[in-house]
Amino acid sequence: MKSLKIISLLLAALLCLPLLAACAESGGQTGGTRPPNSGQADVGNFISADYKGEDFTFLHLRQLAGTKDYYGGKFLDSETYAGYTLEDAVYERNIAVEEKYKVNVVERIEDGQEPLSFLQTAAFSNDYTYDVIYGWGYKMGTCVIEGLFADISALPNVDLTQEYWSPSAMEDLMINDKLYITINDISMNKLEWGSLIFFNKQIVDDYGVVEDMDGKTFYQLVNEGKWTIDKFLQAVQLISTDLDGNGTIDNTDTYGLIDGDASGSSFGYSCGITLTTTNDDGSYLVSYYNDNNYALATKMHEVLSNKKYVKSYVEDLGANADIPDGMEQHEYYRSFFSNGHALFSTGTAQITGEFRDMEDEYGVIPFPKLDENQQSYISTIDSNAAIFAIPATYRVDASTAGPDRTGAILEYMSYKSNQIVLPAYYETLLKGQRLNSEDDQVMLDIVRENIHYVFAAMMGDVLVDIKTNYEAMCNSPSSAASTFRSKSKVMQNALDTFYMDMLAVEDKLAG
């Protein structure tokens, strides 16, 4: 196995939600021995093939700020047994793939590159020396409209209904029954970047929160299907304490929620709001604004805009923040939760590494439902999280390259990753080291089983105005009706143009 690391001169300097990569944490030493998952028998129908020891290359368009790797993680390649659970699991998985298909798994890393410009340059120069592209979520979506990616659902030797391909997420990303970007268990991103809520167990006890929740814990409410937006907003308003006695609620006090999205837009997604819907002919309709969604936005805004209960860390805590050296600003803001200043904070499993030294115990729960009639909880994937695509033109420097090989290797590698890497990350790292109760582990299962993508957010700059206008509705419900009337035609035209352009892309790829 080899790893081709080409570090470009450009480094991404600004990022939205930088975090410590979960894989940078050891995941527990194993003493350099083979991981406990090695040697499992295959269960499934996987073709046999000999790809002559040629390279199968993942192009990793990696997103960096300084030296930190955000949104991608070290899930594609590992040089050798390093004595760490997660790295060893990645190595073990790749060995299984290489032995089965007589192929060499390679990760080619490009740092600080914009996916669209990099891939367009590669297309013009015929530099197709990679088989799979792994890169910055919504910026990969921007590449779709340029015809740079092939239809993953058309690959032979692939069964996209399997759990290791994340069927629910793929439903959200289909375009006219074709799939150009997706996620699978080769990466842990469908768990790492699914939205969840952290809560402080000590504050729950100190403020008697359970009694105010009809005598039920948050875990019980979730399991009974009663964890709703009303319950969440009620709980947020239970906590407001002027700890320093200066007469105002400020950075040193305790809140119901410390969050980077106090507009409530992310909670709207968990309550079933969709930015767009698909018509029977495959075209799209702007769908976020209606009476019910307006009422929900108004209800959330009344609570989430109240600075007595909610601290928006981007807006409020960052104005004059004295951020310690070596700490990223969003990590610093979240430290207000880990230092016991809030009942709730939002995030993803990826940031559990930041709470390892938290004095109070914390728990995790999914985002709330709209009401008890909503069928399931909804966890949306951060649109920055890295995602997979395959180039529209197959590489010319490997005689065995082509759709058969790509499909076979992706299918088997996803399966083996589910069998080997997922337990190392999910069971050993998250459940075994970062969460201390079986209840939290059940909550993680719920999050993983109910992930979704926000389609308009994943298409990047092409449909960004729809996402922006939805967020404006959540930030200012009183002007939402007039704003929607003034901008609905422009948004719908953008969707219609997108659909027609995608039909042209299909014709181009078919030709």
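Position 1 is the first residue of the sequence, and the numbers go up from there.
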Please tabulate, one pair per line, all N/O donor-acceptor pairs under 3.5 Å involving side-chain atoms of residues 457-469, not counting sequence neighbours.
{"from": "Lys467", "atom 1": "NZ", "to": "Glu471", "atom 2": "OE2", "distance (Å)": "2.7"}
{"from": "Thr468", "atom 1": "OG1", "to": "Val464", "atom 2": "O", "distance (Å)": "3.0"}
{"from": "Asn469", "atom 1": "ND2", "to": "Asp465", "atom 2": "O", "distance (Å)": "3.0"}

Would you please indicate yes or no on a ring centroid separation below 6.0 angstrom for [Y] and [X]?
X: Tyr377; Y: Phe367; value: no
X: Phe218; Y: Phe199; value: yes
X: Tyr362; Y: Phe355; value: yes
X: Phe455; Y: Tyr284; value: yes
X: Tyr269; Y: Tyr470; value: yes

Tell me whether [X] contacts the main-chain N or O of [Y] through its side chain, where contact means a donor paired with an acceptor under 3.5 Å.
X: Lys369; Y: Gly225; answer: yes
X: Tyr71; Y: Gln63; answer: no
X: Ser335; Y: Ser338; answer: no

Exceeds 12 heavy-atom contacts within 6.0 angstrom, atom CG of Asp177: no

When you check the gap from the basic side-chain N to the acidic O, do [X] and [Y] get nearer than 4.0 Å?
X: Glu146; Y: Lys508; value: no
X: Arg448; Y: Asp185; value: yes
X: Lys431; Y: Asp445; value: yes

Residues in side-chain contact (heavy atoms from CB on, under 4.5 Å) contact with Gln492, at least two apart in sequence or another chain: Leu285, Val286, Leu495, Asp496

side-chain contact (heavy atoms from CB on, under 4.5 Å) partners for Pro167, two or more places apart: none

Kindly list each side-chain donor-acceptor pair under 3.5 angstrom involving residues 500-507, sequence neighbours excluded, with atom names and distances?
{"from": "Glu506", "atom 1": "OE1", "to": "Asn176", "atom 2": "ND2", "distance (Å)": "3.2"}
{"from": "Glu506", "atom 1": "OE2", "to": "Asn176", "atom 2": "ND2", "distance (Å)": "3.1"}

Residues which pass ring-ring contact (aromatic ring centres under 6.0 Å, His included) with Tyr426, listed by chain and number, not counting sequence neighbours: none

Identify every side-chain donor-acceptor pair in residues 401-412 under 3.5 Å, counting partners at least two apart or on other chains, and give the distances.
{"from": "Arg405", "atom 1": "NH1", "to": "Asp55", "atom 2": "O", "distance (Å)": "3.1"}
{"from": "Arg405", "atom 1": "NH1", "to": "Thr400", "atom 2": "OG1", "distance (Å)": "3.1"}
{"from": "Arg405", "atom 1": "NH2", "to": "Asp55", "atom 2": "O", "distance (Å)": "3.0"}
{"from": "Arg405", "atom 1": "NH2", "to": "Asp131", "atom 2": "OD1", "distance (Å)": "3.3"}
{"from": "Arg405", "atom 1": "NH2", "to": "Asp131", "atom 2": "OD2", "distance (Å)": "2.8"}
{"from": "Thr406", "atom 1": "OG1", "to": "Gly402", "atom 2": "O", "distance (Å)": "3.2"}
{"from": "Glu411", "atom 1": "OE1", "to": "Asp159", "atom 2": "N", "distance (Å)": "3.1"}
{"from": "Glu411", "atom 1": "OE1", "to": "Trp165", "atom 2": "NE1", "distance (Å)": "2.7"}
{"from": "Glu411", "atom 1": "OE2", "to": "Tyr164", "atom 2": "OH", "distance (Å)": "2.6"}
{"from": "Tyr412", "atom 1": "OH", "to": "Asp42", "atom 2": "OD1", "distance (Å)": "3.3"}
{"from": "Tyr412", "atom 1": "OH", "to": "Asp42", "atom 2": "OD2", "distance (Å)": "2.7"}

Qualifying residue for side chain to side chain donor-acceptor pair (under 3.5 Å) with Glu107, from Arg62, His60, Lys74: His60

